[in-house]
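Naming convention: chains lettered A, B, ... in sequence-line order (proteins, then strands); numbering from 1 in each chain.
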Amino acid sequence: MTDLKATDPPVTDPPATDPQATVAKATAHASPGRLSTLHRRILDWYALEARDLPWRDPGTSPWGVLVSEVMLQQTPVRRVEPVWRQWMSRWPTPAALASSASGDAVQAWGRLGYPRRALRLHAAATAMVERHNGDVPGTLPELLALPGVGAYTAAAVSAFAFGQRTAVVDTNVRRVFARAVGGSGQAAPSLTRDETNLAVALLPEDHVEARTWGVAVMELGALVCLARSPRCPDCPVRDLCAWQLAGRPAYEGPVRRAQSWHGTDRQCRGVILAALRATTEPVAQCDVDALWPADDPQRDRCLDSLVADGLVEPLPGGRFRLPGRQDLTN
DNA sequence: CAGACGTGGGC
DNA sequence: TGCCCAAGTCT
């Protein structure tokens, strides 16, 4: 082992606010030797410890990768896996999904949460049929133009499905870099320009290494560099980690407000949608009414917003269903 | 840009 | 129990 401390910047350095300075600092910290060590350690660790997830199978299509990435937005791997398998079995291509009703996508989404993702995936499938001959596009601008595909998902599909040398920055990557390079216990509340620049600067030059780098760092964040209780003794770069070397100081930055839940529109919308998912039969207004305390205007407001979002289709006679779903009860 | 947007599990 | 967290996106 080389003398790592000798090359470390003083841990008392104030956080840089200038993007250029941050990248310069990161690059200095990650001198060629250090950087290659960081890369090798994490890539070796990944080769040994990576989970066997179905969408990581080399035979997975770009569509399979895209579906997995959308499902994984804010949703744990454990809950995504079975739904992804069913989804890919039912809709193996964008064209297959596009030919189904959007309500079928919402129904198949099940309890993954944030059901607008299902709607957007359906819209993305339609767009791919119309604009890309039914294929998932391979360039960042084309990917970003798809509904529900933002900076993270576009980069992930570019890197994981098409093997491009693209920096992937998700919450795991941000946390790992904040600690290992920034010396901070956690990343800032929202993605900063500095973090993106840093992720690009840390991308391995070697194309083969770059292919796996993103998913390897993400995996490290998901399995070892955990938010609440990091497993530092198991970390392959614990001796290089700026946060570790600084004595794992507590996070001092701005705190993110916790999401409230009880009594929110999100809860109300979830209750209504769960009822519609459970049946192919249109649900009568009175049955919707029974789902939420009487004389609470929140219920009607949420039903209206679900309709406005395209998650619920109002039918003549005051009945409701998931959009386009056929009534299979007779 | 802060806030909305689901759901379930861990501590 | 209640709060925090999980491969974000959109407005």
Participant: Check this one for me: any side-chain N or O of A:Thr153 less than 4.0 Å away from OP1 or OP2 of C:dT9?
Facilitator: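 Checking C:dT9 against A:Thr153, a side-chain N or O does come within under 4.0 Å of OP1 or OP2.
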Participant: For a side-chain contact (heavy atoms from CB on, under 4.5 Å) with A:Val181, tell me which candidate from A:Val176, A:Leu240, A:Leu198 qualifies.
Facilitator: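 So, applying the side-chain contact (heavy atoms from CB on, under 4.5 Å) to A:Val181 and each of A:Val176, A:Leu240, A:Leu198, only A:Leu198 qualifies.
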Participant: Just call it for A:Arg277: base, sugar-phosphate, or nothing, with non-hydrogen atoms closer than 4.0 Å on any strand.
Facilitator: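 Counting heavy atoms under 4.0 Å across all strands, the contact made by A:Arg277 is with sugar-phosphate only.
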Participant: With a 4.0 angstrom cut-off to heavy atoms of chain A, pull out the first and last contacting nucleotide of DNA chain B, in 5'-to-3' order.
Facilitator: B:dC5 to B:dG10
Participant: So does A:Gln73 get a side-chain nitrogen or oxygen closer than 4.0 Å to the phosphate oxygens (OP1/OP2) of C:dG8?
Facilitator: no
Participant: Could you tell me the separation between the CZ atom of A:Arg175 and the C1' atom of C:dA7, rounded to a whole number of Å?
Facilitator: 11 Å
Participant: Is it the case that C:dC5 (base atoms only) and A:Arg228 (side chain only) share a donor and an acceptor within less than 3.5 Å, ignoring hydrogens and angles?
Facilitator: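 Checked by distance alone, the answer is no.
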Participant: Give a yes or no on whether the backbone of A:Ala275 and the side-chain of A:Thr279 come within a donor-acceptor separation of less than 3.5 Å.
Facilitator: no
Participant: Would you indicate which nucleotide in C:dG8, C:dA7, C:dC4 comes nearest to any side-chain atom of A:Tyr114?
Facilitator: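 Minimum distance to the A:Tyr114 side chain belongs to C:dG8.
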Participant: If the P atom of C:dT9 is compared with that of B:dG8, how far apart are they to the nearest Å?
Facilitator: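 Approximately 22 Å lies between the P atom of C:dT9 and that of B:dG8.
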Participant: Under a 3.5 Å threshold, yes or no: a donor from one side chain and an acceptor from the other, between A:Ser184 and A:Arg179?
Facilitator: no
Participant: Report which part of the nucleic acid A:Gly150 touches: base, sugar-phosphate, or nothing (heavy-atom distance under 4.0 Å, all strands).
Facilitator: sugar-phosphate
Participant: C:dG2 P sits how many Å from A:Trp261 CH2, rounded?
Facilitator: 16 Å
Participant: Atom CG of A:Leu66 to atom P of C:dG8: distance rounded to whole Å?
Facilitator: 15 Å
Participant: Quick check on DNA chain C: between A:Trp55 and A:Arg120, whose nearest nucleotide comes earlier from the 5' end?
Facilitator: A:Trp55
Participant: With side-chain contact (heavy atoms from CB on, under 4.5 Å) as the test, would you mind laying out the steps for A:Arg117 and A:Trp109 before giving the verdict?
Facilitator: CA-CA 9 Å; A:Arg117 290 182 293 167; A:Trp109 198 253; 3.4 Å; yes
Participant: Which value, in whole Å, describes the distance between the P atoms of nucleotides C:dA7 and B:dG3?
Facilitator: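 Comparing P positions in C:dA7 and B:dG3 gives a spacing of 23 Å.
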Participant: For the residue pair A:Trp55 and A:Trp84, categorise the inter-ring angle as parallel (less than 30°), tilted (30 to 60°) or perpendicular (more than 60°).
Facilitator: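 Ring orientation, 0 to 90° scale: perpendicular.
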Participant: If we only count heavy atoms from C-beta on, is the A:Leu311 to A:Arg116 side-chain gap below 4.5 Å?
Facilitator: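 Side chain of A:Leu311 against side chain of A:Arg116, heavy atoms only: contact under 4.5 Å found.
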Participant: Once you round it to whole Å, what is the distance between P of C:dA6 and CZ of A:Arg117?
Facilitator: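 From A:Arg117 CZ to C:dA6 P: 15 Å.
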Participant: Over all strands shown, is A:Thr171 touching base, sugar-phosphate only, or nothing at heavy-atom distances under 4.0 angstrom?
Facilitator: sugar-phosphate
Participant: Closest approach to the side chain of A:Arg79, judged atom by atom: which nucleotide of C:dG8, C:dC10, C:dA6 is it?
Facilitator: C:dA6
Participant: If I take atom OH in residue A:Tyr251 and atom C1' in nucleotide C:dC5, what distance separates them, rounded to the nearest angstrom?
Facilitator: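 In whole Å, C:dC5 C1' lies 15 Å from A:Tyr251 OH.
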Participant: Is A:Ala227 touching bases, backbone alone, or none of the nucleic acid, heavy atoms closer than 4.0 Å?
Facilitator: sugar-phosphate
Participant: Rounded to whole angstroms, how far apart are CG on A:Asp170 and P on C:dC5?
Facilitator: 15 Å
Participant: Quick check on DNA chain B: between A:Pro115 and A:Ser229, whose nearest nucleotide comes earlier from the 5' end?
Facilitator: A:Pro115
Participant: Check whether the side chains of A:Trp63 and A:Thr93 place a donor and an acceptor atom closer than 3.5 Å, and report yes or no.
Facilitator: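 No pair is found: no donor N or O on one side chain lies under 3.5 Å from an acceptor on the other.
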Participant: For A:Asp265, report the nucleic acid contact type (base, sugar-phosphate, nothing); a contact means any heavy atom under 4.0 Å.
Facilitator: sugar-phosphate
Participant: With a 4.0 Å cut-off on heavy atoms, is A:Leu273 in touch with a base, just the backbone sugar-phosphate, or nothing at all?
Facilitator: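 Contact class for A:Leu273: none.
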Participant: For A:Arg266, does the CZ atom have more than 12 heavy-atom neighbours from other residues, nucleotides or ligands under 6.0 Å away?
Facilitator: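 Yes, CZ of A:Arg266 has more than 12 neighbouring heavy atoms, counting only those of other groups under 6.0 Å.
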Participant: Mind checking if A:Arg269 touches a base, just sugar-phosphate, or nothing, with heavy atoms under 4.0 Å?
Facilitator: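 Contact class for A:Arg269: sugar-phosphate only.
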Participant: Considering every strand and a 4.0 Å limit on heavy-atom distances, what is the contact class for A:Val149: base, sugar-phosphate, or nothing?
Facilitator: sugar-phosphate
Participant: Which residue lies toward the 5' end of DNA chain B, A:Ser305 or A:Arg111, if each is placed at its nearest nucleotide?
Facilitator: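 Mapping each residue to its closest nucleotide by heavy atoms, the 5'-most match is A:Ser305.
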Participant: For the pair made of CD in A:Gln259 and P in C:dG2, what is the distance, rounded to whole Å?
Facilitator: 18 Å
Participant: Need one value for A:Leu53: base, sugar-phosphate or nothing, where a base atom within 4.0 Å counts as base even if backbone is also close, heavy atoms only.
Facilitator: base
Participant: Looking at every strand, decide which applies to A:Arg51 at a 4.0 Å heavy-atom threshold: base, sugar-phosphate, or nothing.
Facilitator: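 Base: the residue A:Arg51, judged by heavy atoms under 4.0 Å, touches a nucleobase.
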Participant: What is the separation between atom CG on A:Leu72 and atom P on C:dA7, rounded to the nearest whole Å?
Facilitator: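 Those two atoms, CG and P, are 9 Å apart.
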Participant: Just by distance, with hydrogens left out, do A:Glu69 and A:Tyr152 show a side-chain donor and acceptor under 3.5 Å apart?
Facilitator: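 Yes, side-chain donor-acceptor contact under 3.5 Å.
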